[in-house]
Novice: 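Input: one structure, supplied below.
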Number of protein chains: 2
Amino acid sequence: MLETVTPMKTSEARDILTETVRKGDAEKRGRKASKEVRQLQLIEATIDSLAKRGYAETTMADVADGAGLSRGIVNFHFESKEKLLIATLQHMYDEYSAHWRASLQKAGDDPARQLQQLVWADFDRSICNKRKLAAWLAFWGEAKSRPTYQALSSSRDAYYQQVFIDLCTTLKESGSYTYDPPVMALSLSAMLEGLWLRLMMGTEDTTRETALQAANAFLAAAFPKHYG
Amino acid sequence: MLETVTPMKTSEARDILTETVRKGDAEKRGRKASKEVRQLQLIEATIDSLAKRGYAETTMADVADGAGLSRGIVNFHFESKEKLLIATLQHMYDEYSAHWRASLQKAGDDPARQLQQLVWADFDRSICNKRKLAAWLAFWGEAKSRPTYQALSSSRDAYYQQVFIDLCTTLKESGSYTYDPPVMALSLSAMLEGLWLRLMMGTEDTTRETALQAANAFLAAAFPKHYG
DNA sequence: TCATACTGAATGAATGTTCAACAAATGATG
DNA sequence: CATCATTTGTTGAACATTCATTCAGTATGA
């Protein structure tokens with residue numbers, strides 16, 4: 001319910017837009033791009049700035065420079081800095097959301113495979129890279145004191161959590177485990193977020209590969225009948 | 001090595017100071033407090049501000065007001081805003097560090113009990129409360145883009161991680177488990193941080209009690225011979 | 001030629017820092 | 001003890017800077 005699912009914003013359409021933004025640095029200046037491309041370009045520049053400078057140091061000027069455009073451009077397209085940041089957060093939220101749903105779809109009907117896919121999805125390059133993790137962390141740091149961010153900041157929302165609970169419930173039956181599904185689901189999703197946090201901090205001792213190993217170790221420990 | 005262990009800053013001494021800061025709101029104005037009390041008072045006000053307003057919105061004026069002192073006071077005691085924030089982070093880091101070390105001490109020689117104590121320590125009221133979690137998160141959000149913060153921001157440092165690895169190694173032998181200790185230690189500590197993150201975000205569906213339950217569920221799953 | 005996209009200088013508000021003046025403690029002196 | 005001098009802590013107004021926002025003007029495509 002928090003997603004912006006306008007007709008022109010399906011994931012395929014977005015991919016095309018993103019591509020346009022990325023490749024066409026030549027055609028950036030002087031009224032060449034459509035409104036939507038421009039906005040996406042500014043959002044990407046915002047993510048860059050958040051990743052490089054952090055939330056507190058991200059300025060309108062830096063975003064405009066990053067996009068190779070003039071100073072007043074952001075207010076023209078987004079009205080205010082706050083609205084730009086909200087649009088950026090929404091963009092990342094939608095992307096994350098679409099990504100895990102697609103992964104779940106791909107997994108077929110086997111719940112064990114579904115859970116495995118969800119875990120893998122979290123550490124996929126397209127989602128889990130230095131740039132985006134840094135931007136997420138920047139938002140998280142401000143979310144608690146900004147009501148507007150709160151709903152979008154979790155990235156993993158209530159529905160996501162419910163999917164985990166349902167999977168834990170199903171696996172419990174087929175594997176005769178004794179855990180309490182909501183508790184195990186919390187434990188599992190918390191670990192995934194914790195691994196993200198390690199990657200975000202970028203202390204180099206944790207890589208995407210070791211994080212995935214740790215996640216698999218957890219699955220093997222919690223669901224030995226399925227992943228042992 | 002990152003701790004500031006000056007003679008006057010043992011944890012007992014700090015407790016006394018903290019107490020002084022907290023109770024004596026009457027004797028705040030007009031040159032009554034010692035240098036150390038004043039500094040601690042400003043650090044506490046900084047934590048308050050970070051928790052209430054977030055990193056980006058924390059101003060010198062707000063800190064001074066929160067402490068009930070004048071505008072110029074912070075620069076007198078800490079020279080600059082940045083140094084105040086670093087001192088605040090250092091203070092929280094030292095407190096966290098002292099806390100888990102003390103917990104480990106109390107646990108005696110049984111490794112299973114030691115691990116259990118470490119987990120409990122993380123969710124102790126004195127460490128794990130809305131105010132301090134919010135302040136931690138505020139720092140985390142800025143840490144990646146500020147080298148000065150990085151070493152102090154993890155709160156759980158390399159030594160802490162090593163303790164976990166050692167405990168996992170010991171328990172593996174006594175329980176004939178098959179996991180790889182460093183991987184399991186990462187998985188475990190990531191889950192603890194992830195639970196903190198949930199509490200930080202304050203979505204109300206995760207409380208200190210449910211977080212502790214989830215942590216215990218993990219222990220039971222990973223070390224069934226010891227916590228089953 | 002008309003609407004739309006865009007520019008960049010001007011503006012004003014917010015905020016970190018400085019500093020001269022002041023007050024309280026401490027120490028020196030008789 | 002009393003007085004004065006010096007150090008130390010504190011204040012708040014002034015200052016400089018940074019930055020979001022505005023807007024009159026320009027360029028572009030339809």
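Within every chain, numbering begins at 1; the chains are lettered A, B, ... in the order of the sequence lines, protein sequences first and strands thereafter.
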Novice: Could you tell me the separation between the CE atom of A:M60 and the P atom of D:dT21, rounded to a whole number of Å?
Specialist: 5 Å

Novice: Counting only non-hydrogen atoms, which of residues 72-87 of chain B are less than 4.0 Å from DNA chain D?
Specialist: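 Nucleic-acid contacts, sorted: B:G72, B:I73, B:F76, B:H77.
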
Novice: Of the options D:dT10, C:dT7, D:dC19, whose atoms approach the side-chain atoms of A:S70 most closely?
Specialist: C:dT7

Novice: My understanding is that only residues two or more places apart in sequence, or in another chain, count here; which of them pass side chain to side chain donor-acceptor pair (under 3.5 Å) with A:E82?
Specialist: none

Novice: List in chain and number order the residues that pass side-chain contact (heavy atoms from CB on, under 4.5 Å) with B:N75, two or more places apart in sequence or in another chain; answer none if no residue qualifies.
Specialist: B:M60

Novice: Give the rounded distance in Å between these two atoms: CG of B:D65 and P of C:dA14.
Specialist: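 Distance check: B:D65 CG to C:dA14 P gives 15 Å.
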
Novice: How would you list, by chain and number, every residue that makes a salt bridge (Lys or Arg N to Asp or Glu O under 4.0 Å) with B:K132, sequence neighbours excluded?
Specialist: B:E95

Novice: Please determine if a side-chain N or O atom of B:R71 lies less than 4.0 Å away from the OP1 or OP2 oxygen of C:dT15.
Specialist: no

Novice: Heavy atoms from C-beta onward define the side chain here; which of C:dG8, D:dT10, C:dG16 lies closest to that of B:R38?
Specialist: D:dT10

Novice: Please confirm whether the shortest side-chain N or O distance from B:K35 to OP1 or OP2 of D:dG9 is below 4.0 Å.
Specialist: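 It does, given that an N or O in the side chain of B:K35 lies less than 4.0 Å from OP1 or OP2 of D:dG9.
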
Novice: CD of A:Q105: more than 12 outside heavy atoms within 6.0 angstrom?
Specialist: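 Atom CD in A:Q105 is not packed in, count stays at 12 or less.
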
Novice: What residues form a side chain to side chain donor-acceptor pair (under 3.5 Å) with B:T88, not counting sequence neighbours?
Specialist: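 Checked B:T88 against side chain to side chain donor-acceptor pair (under 3.5 Å); zero matches.
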
Novice: Measure CD/B:Q39 against P/D:dT10 and give the value in whole Å, please.
Specialist: 10 Å

Novice: Any residue in residues 136-149 of chain A with a heavy atom nearer than 4.0 angstrom to DNA chain C? Just list them by number, or reply none.
Specialist: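 Those residues whose heavy atoms fall under 4.0 Å from DNA chain C, taken from residues 136-149 of chain A, amount to none.
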
Novice: If the condition is salt bridge (Lys or Arg N to Asp or Glu O under 4.0 Å), which residues does A:K83 pass it with, not counting sequence neighbours?
Specialist: A:E79

Novice: According to the salt bridge (Lys or Arg N to Asp or Glu O under 4.0 Å) rule, which pairs have a member within residues 66-76 of chain B, sequence neighbours left out?
Specialist: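 Qualifying pairs, neighbours excluded: B:D65-B:R71.
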
Novice: Sequence neighbours left out, what passes side chain to side chain donor-acceptor pair (under 3.5 Å) with A:Y149? Give chain and number order.
Specialist: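 Result, side chain to side chain donor-acceptor pair (under 3.5 Å) vs A:Y149: A:Y55.
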
